[in-house]
Amino acid sequence: MTVLISAGILLAFALVAFCVIKWWNLEVVGVTPVPLFTFIAILFTSGLDVGLIMFPLAWDFPLYADTAAEPAYGFTNPLALEFGFWGFLIWGFYFLTTFYFCVIEPRVKFFEIPLVKWINNIVIIGTCAFTGALFLIYLPYYATFVGDGETVIPAFYAVTFLVILFAAFSSTDIKYVRILSVGSTALFAALILGMWAYSGMGLGAFFDTAGNIGGYFANIHKFVLPLTDYHEFYLFWWFAWSIMIGQFTSRFVGGLKTWQVLAALLIFPSIPLGVWFSVLYFYHLNGIETTLFINISMVVVGIIFVINSFDSLIRLYTDNLNLTTKRLGKVPYVLGNAVVLFALTVAFKSQWLQIQWIGAVVIGLYVACLAYIALVKRSEVLAIKASPAENELDFHKIENVH
């Protein structure tokens, strides 16, 4: 698996370089473009999941700090490692798929091939369920006001099902995307500010702590290929997300040049990630215990992130498979999606399914798509000079889509 993920990463970054160089100044316009702030909010909240909220304090920082158990982490500090696992360079995957589905796929139509379409939707559904499993597994750590802080009790299964049910409902109308994305971004900012204020770190300690992120940029080349099995897990996870996030967010790109899309995806999401991880790292370094209110706040924001992720992914695979509310009716649509995704969530929680398998399938799709273009659509792709003509830069189009 290490050889597979390494080859996939190198291929992806080579394709990023090719797209940026060849189509540097091409104006990228999606089907339903939105202003930059809304686009970044949609990208950030759809492209990340509950792991962003629940992993650092519960698992990651202690793991990275224990260099005796894992010497591979000894070249830099835990904050730089956490940022490297979540931020900057890794968002190049999302650029590649966003650009592809916005500009290239309309000419290639590789994902409209029946077999590819089914594989793609299985990937989307599986990754969606994995997000729910992460939420379920890590919920006890933060919801210590319910249970013993370790065991997944029946109440947590009920909460997870209700979250999936709500997300299925919100996916019935695209107007909820903007509300959820902008709203969750604001709540996330409020959570960061509140935890910063409670910690008493002040601006000086914040900037001192955040300075540790420099360890990532000084060693950025070391984050390209897997450092450890855990890093490999993260990379497969990013691959699993990449195609479906590109499919979803590509429709919202609002007239940025190709290089601007890349810069936006590398820089803008990395800023709140860096701030968030810096605040959490201060808690870790100083052994600050989170209060009941903070734990509840983190659970709430985590729930909103899960709803965002499920909303976008449910909308994506139901549109692809023509399992829409118009065809099925709202109640069967909502309940059907909720039941199927909850069952798969439980399967991931029990380790019956693994995200590495889905990431491996996505790498296979990358290779198959590239081969298809080279053999069948090479001239059409090389002749691309602009976004599809039907994609007009009209920020009001989203208001008429449901």
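Count residues from 1 along the sequence.
Side-chain atoms of T127 never come within 3.5 Å of backbone atoms of I124 as a donor-acceptor pair (strictly under, hydrogens ignored). Between the side chain of T258 and the main chain of W23, a donor-acceptor pair closer than 3.5 Å is present. The backbone N or O of A168 sits nowhere less than 3.5 Å from a side-chain atom of T172 that would complete a donor-acceptor pair. Here the side chain of T209 pairs no donor or acceptor atom with the backbone of F282 at under 3.5 angstrom. At least one donor-acceptor pair closer than 3.5 Å links the side chain of K22 to the backbone N or O of L382. Side chain of T290 to backbone of N295: no donor-acceptor contact under 3.5 angstrom is found. In this structure, Q260 contributes its side chain and K257 its backbone to a donor-acceptor pair below 3.5 Å. Under the 3.5 Å distance criterion, the side-chain polar atoms of K222 are left unmatched by any main-chain donor or acceptor of N219.
Atom CD1 of I153 sits about 8.5 Å away from atom CG of L139, to the nearest 0.5 Å. Interatomic distance, CG of L134 versus CG of L52, reported as 12.0 Å (0.5 Å rounding). A distance of 4.5 Å separates CG of L89 from OH of Y216, quoted to the nearest 0.5 Å. Summarising the geometry, atom CE belonging to M195 is positioned 11.5 Å from atom CZ belonging to F293; distances are rounded to the nearest 0.5 Å. Rounded to the nearest 0.5 angstrom, L370 CG and L375 CG are separated by 9.5 Å. Between the CZ atom of F169 and the CD1 atom of I307 there is a distance of 11.5 Å, given to the nearest 0.5 Å.
For the residue pair L280 and L57, the shortest heavy atom distance occurs at O-CD2, 3.6 Å. The two atoms that bring A80 and G215 nearest to each other are CB-C, 3.7 Å, heavy atoms only. Among all heavy-atom pairs drawn from V362 and S242, the shortest one is CG1-OG, 4.0 Å. Here the shortest heavy-atom pairing between V29 and G255 reads CG2-CA, 3.9 Å.
For F305 and F188, the distance between ring centers is under 6.0 angstrom. When ring centroids are compared, F310 and F166 stay outside the 6.0 Å threshold. Checked against the 6.0 Å centroid threshold, F161 and F342 count as a close aromatic pair. Aromatic rings of F101 and F111 (six-membered ring for Trp) have centroids within the 6.0 Å cut-off, being under it. Centroid-to-centroid, the aromatic rings of W237 and F85 stay 6.0 Å apart or farther. Ring pair F223/F75: centre-to-centre distance below 6.0 Å. F236 has its ring centre no less than 6.0 Å from the ring centre of W357.
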*From CA spacing to verdict: ring pair (Phe, Tyr, Trp, His ring centres under 6.0 Å), F39, F252*: CA-CA 6 Å; F39 172 69; F252 302 112; 7.8 Å; no
_Worked verdict on L273 versus W91 for side-chain contact (heavy atoms from CB on, under 4.5 Å)_ = CA-CA 12 Å; L273 285 173; W91 284 75; 3.9 Å; yes
*asked:* Using ring pair (Phe, Tyr, Trp, His ring centres under 6.0 Å), reason through F88 and F217 one step at a time and then give a plain yes or no.
replied: CA-CA 9 Å; F88 197 70; F217 291 100; 5.3 Å; yes
*Stepwise, does the side chain to side chain donor-acceptor pair (under 3.5 Å) test hold for Y317 with N337?*
CA-CA 10 Å; Y317 74 73; N337 278 296; 2.4 Å; yes
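Checked against side-chain hydrogen bond (donor to acceptor under 3.5 Å, both in side chains), T67 has no partners two or more places apart in sequence or in another chain. Every residue meeting the ring pair (Phe, Tyr, Trp, His ring centres under 6.0 Å) condition with Y366, not counting sequence neighbours, appears here in chain and number order: F239.
Put simply, the side chain of W196 does not reach to within 4.5 Å of the side chain of W276, judged on heavy atoms.
No donor-acceptor contact under 3.5 angstrom links the side chains of D66 and Y73, judged on distance only. Remark: the D60 side chain and the Y230 side chain contain an N/O donor-acceptor pair separated by less than 3.5 Å. Judged by distance alone, the side chains of T98 and T249 do bring a donor and an acceptor atom under 3.5 Å apart. With hydrogens and angles left out, the side-chain atoms of S171 and Y333 include a donor and acceptor closer than 3.5 Å. For the residue pair N286 / Y281, no side-chain donor-acceptor distance below 3.5 Å is found, with atom types taken as modelled. Side-chain N/O atoms of E232 and T2 include a donor and acceptor closer than 3.5 Å. In this structure, a donor-acceptor pair under 3.5 Å is absent between the side chains of Y94 and W241.
The only option from V261, N391, T32, V34 that meets the side-chain contact (heavy atoms from CB on, under 4.5 Å) definition with V253 turns out to be V261.
At most 12 non-hydrogen atoms from other residues, nucleotides or ligands lie less than 6.0 angstrom from CZ of R378.
Between R315 and D311 there is a salt bridge, since a side-chain N of the basic residue sits under 4.0 Å from a carboxylate O of the acidic one.
Using bins of under 30°, 30° to 60° and over 60° for the plane-to-plane angle, the ring pair W86/F277 lands in the tilted bin.
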